[in-house]
There are 2 protein chains.
Amino acid sequence: MSQMTQIFDRLREEILSLGLAPGEKLTERGLETRFTMSRTPVRAALLRLEGEGLVHRAGRNWVVAPLDLGEIVAIAEFRLPLETTAVRLACARRVEADLNAIADMLEACRPTAPREEWHRLGTEFHVAIAKLSGNALITKALAEAMVRLHRVRWLEVSDEASRERAWNEHHEILTLIRKRDAAAAEAAIAAHINETRNRLLAALQDDRERFRAHGFKIIGAD
Amino acid sequence: MSQMTQIFDRLREEILSLGLAPGEKLTERGLETRFTMSRTPVRAALLRLEGEGLVHRAGRNWVVAPLDLGEIVAIAEFRLPLETTAVRLACARRVEADLNAIADMLEACRPTAPREEWHRLGTEFHVAIAKLSGNALITKALAEAMVRLHRVRWLEVSDEASRERAWNEHHEILTLIRKRDAAAAEAAIAAHINETRNRLLAALQDDRERFRAHGFKIIGAD
DNA sequence: TATCCCAATTTGGTATCCCAATCAAGCGCC
DNA sequence: GGCGCTTGATTGGGATACCAAATTGGGATA
């Protein structure tokens with residue numbers, strides 16, 4: 001594995017887990033020292049992270065992308081048509097073995113799972129469903145949208161009741177795809193996306209000052 | 001403007017105009033010589049182009065992304081839900097001045113316009129409509145999809161009748177958005193996308209060998 | 001205390017070099 | 001003629017040095 005890939009993976013993970021705070025300044029020479037590598041792979045990694053929207057240029061500085069709470073609504077608007085299309089295509093194109101793999105994924109991560117696992121499932125499930133559509137563009141676009149939502153979702157403290165509900169909704173969507181019931185699957189995924197949107201908006205509505213106290217740069221939803 | 005940006009812009013343009021053939025190998029040192037700049041900005045530019053899907057790694061080489069005719073269908077599947085959502089939101093959120101700007105764009109590029117201008121309008125119109133939605137994710141996703149389709153569309157030799165039809169369809173979509181007739185606008189954009197898909201598939205069906213004679217690497221749709 | 005100026009430091013952009021892995025061409029053998 | 005091996009060339013990954021522009025902090029002055 002190249003140095004660039006190591007740095008990229010590490011930084012990506014820290015950004016998504018909020019270990020690197022939104023708005024935090026990064027410098028090539030700082031990272032060079034931190035990773036004990038030269039600037040060349042650091043820069044290549046930063047360029048790739050920039051391409052993923054995880055870091056930006058602010059003047060001549062690199063900064064971790066701020067948290068944009070305003071994106072919660074925009075992402076739901078984006079996901080709704082894409083994911084309903086994805087499940088409709090999935091009903092037509094799904095392969096039994098892939099369905100079983102997703103079912104295994106769900107069984108391996110019940111609502112009582114550790115927080116990080118639970119969080120990861122929330123993304124992986126949706127991307128796996130999109131893959132069933134057989135459309136790489138839809139899959140990629142959705143994966144990118146879920147990455148954008150990753151940090152915001154991490155800030156939400158989900159209780160057991162909402163986890164149960166989410167898990168059951170995931171399970172129901174998968175079942176409907178297995179039964180090739182496209183209309184019901186579309187309705188189920190749409191409801192799930194809207195539920196996610198509303199839950200996030202409610203949960204984060206009053207916590208903005210708390211996040212800022214962590215040094216997070218928050219924009220949007222003012 | 002930095003050297004990296006100059007190289008990036010130049011290469012991007014040549015790839016999209018098929019001046020750099022799909023599948024063509026690029027080397028850092030070759031580009032260094034060609035642009036009379038050091039490898040550092042060349043490498044940065046290549047990384048950015050990679051992020052846009054315009055170049056790939058093949059083993060240790062950089063190559064211009066092949067032409068994937070199989071994407072014609074996938075892109076239409078992707079655009080359909082996105083653009084219908086975009087026009088529906090546009091009906092609600094559009095601003096008069098933006099509508100007029102798009103109308104001016106259409107007037108400035110009639111079906112008799114030079115090929116390059118006509119080609120550019122085909123992309124810019126759709127991105128401008130998506131912008132009316134006020135959803136940056138949808139706009140960006142669509143812009144990227146149009147870039148993917150750019151080279152394929154360039155290969156099509158459009159006749160005057162099909163240009164007239166396309167121009168009228170664009171005009172009709174804009175008018176429906178202006179009138180806030182969401183249902184009709186969605187139907188019109190859907191029909192337009194499907195028409196584009198069918199037209200491209202038909203036009204390119206028998207021309208694959210001709211393109212390969214140009215040294216283009218063609219994949220998909222076999 | 002506030003403001004301004006200056007020098008030092010920082011930072012990204014670029015150039016150049018070194019290294020290891022891969023590839024291509026040529027040669028020899030069957 | 002074909003195949004395998006060797007050697008030299010090519011290529012990207014990484015390291016380091018230089019440069020110019022921007023930023024920061026400290027000192028002086030009002």
Side-chain angles (χ1 to χ4, degrees), chain A residues 1-16 19-66 212 215-217 219, chain B residues 1-16 19-67 212 215-219:
Chain A
M1 186 177 320
S2 73
Q3 291 185 9
M4 187 270 278
T5 304
Q6 291 177 48
I7 297 169
F8 172 82
D9 288 345
R10 184 69 198 147
L11 288 180
R12 185 176 189 274
E13 186 195 322
E14 288 192 29
I15 290 169
L16 290 181
L20 280 174
E24 184 167 341
K25 199 172 78 168
L26 300 173
T27 69
E28 297 179 354
R29 289 185 173 100
L31 295 174
E32 176 178 33
T33 301
R34 178 181 155 193
F35 288 100
T36 325
M37 298 174 193
S38 79
R39 277 174 65 209
T40 309
V42 164
R43 300 176 69 188
L46 284 169
L47 277 170
R48 273 188 68 191
L49 287 164
E50 184 186 30
E52 297 211 12
L54 293 175
V55 298
H56 293 154
R57 291 298 186 83
R60 69 171 186 169
N61 295 314
W62 292 98
V63 294
V64 177
R212 283 189 174 123
F216 296 173
K217 184 177 180 191
I219 61 174
Chain B
M1 186 177 323
S2 73
Q3 292 185 7
M4 188 269 278
T5 304
Q6 290 177 48
I7 298 168
F8 171 82
D9 287 346
R10 184 68 197 147
L11 288 180
R12 186 175 188 275
E13 187 194 320
E14 288 192 28
I15 290 167
L16 289 182
L20 279 174
E24 183 167 343
K25 198 172 80 168
L26 301 174
T27 68
E28 297 180 355
R29 289 185 173 100
L31 295 174
E32 176 178 36
T33 301
R34 176 180 159 194
F35 287 100
T36 323
M37 298 176 192
S38 78
R39 277 172 66 209
T40 310
V42 165
R43 297 166 73 177
L46 284 169
L47 276 170
R48 275 189 65 193
L49 288 164
E50 185 186 30
E52 296 212 12
L54 294 175
V55 298
H56 292 155
R57 292 299 185 83
R60 67 172 187 168
N61 296 313
W62 293 98
V63 294
V64 176
L67 270 183
R212 285 190 173 122
F216 296 173
K217 184 176 179 192
I218 311 281
I219 61 175

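The chains referred to below are lettered A, B, ... by the order of the sequence lines, with proteins before strands, and numbering in each begins at 1.
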Going through the distances and angles, do B/L54 and B/L11 end up as a side chain to side chain contact (heavy atoms under 4.5 Å, CB included)?
CA-CA 9 Å; B/L54 294 175; B/L11 288 180; over 6 Å; no
query = Yes or no on side chain to side chain contact (heavy atoms under 4.5 Å, CB included) for B/W62 and B/R57, after CA distance, side-chain angles and deciding distance?
reply = CA-CA 5 Å; B/W62 293 98; B/R57 292 299 185 83; 3.0 Å; yes
Symbol by symbol from the 5' end, with Watson-Crick or G-U pairs under 3.5 Å, [ ] crossing and | another strand, DNA chain D is ||||||||||||||||||||||||||||||
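Residues forming a salt bridge (Lys or Arg N to Asp or Glu O under 4.0 Å) with A/E14 (at least two apart in sequence, or on another chain): A/R10, A/R34. With sequence neighbours excluded, the residues forming a salt bridge (Lys or Arg N to Asp or Glu O under 4.0 Å) with A/E28 are A/R39, A/R43, listed by chain and number.
In this structure, A/L26 reaches the sugar-phosphate backbone alone: every heavy-atom distance under 4.0 Å involves primed, P, OP1 or OP2 atoms, never a base. The residue B/L31 sits apart from the nucleic acid: no heavy atom pair falls under 4.0 Å.
Read 5' to 3', the first and last nucleotides of DNA chain D with an atom closer than 4.0 Å to a heavy atom of chain A are D/dG14 to D/dT23.
For the pair B/F8 CZ and C/dG13 P, the interatomic distance rounds to 15 Å; values are reported in whole Å. Atom CZ in B/R48 sits about 11 Å away from atom P in C/dG13, given to the nearest Å.
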Quick tally for nucleotides 15-21 of chain C: nucleotides whose base has a protein heavy atom under 4.0 Å get B, sugar-phosphate-only ones S, the rest -, giving BBBB--B
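Of the residues in residues 50-59 of chain B, those with a non-hydrogen atom less than 4.0 angstrom from any atom of DNA chain D are B/R57.
Nearest-nucleotide mapping onto DNA chain D: of A/S2 and A/N61, the residue sitting toward the 5' end is A/S2.
Between A/Q3 and A/F35 there is no side-chain heavy-atom pair separated by less than 4.5 Å.
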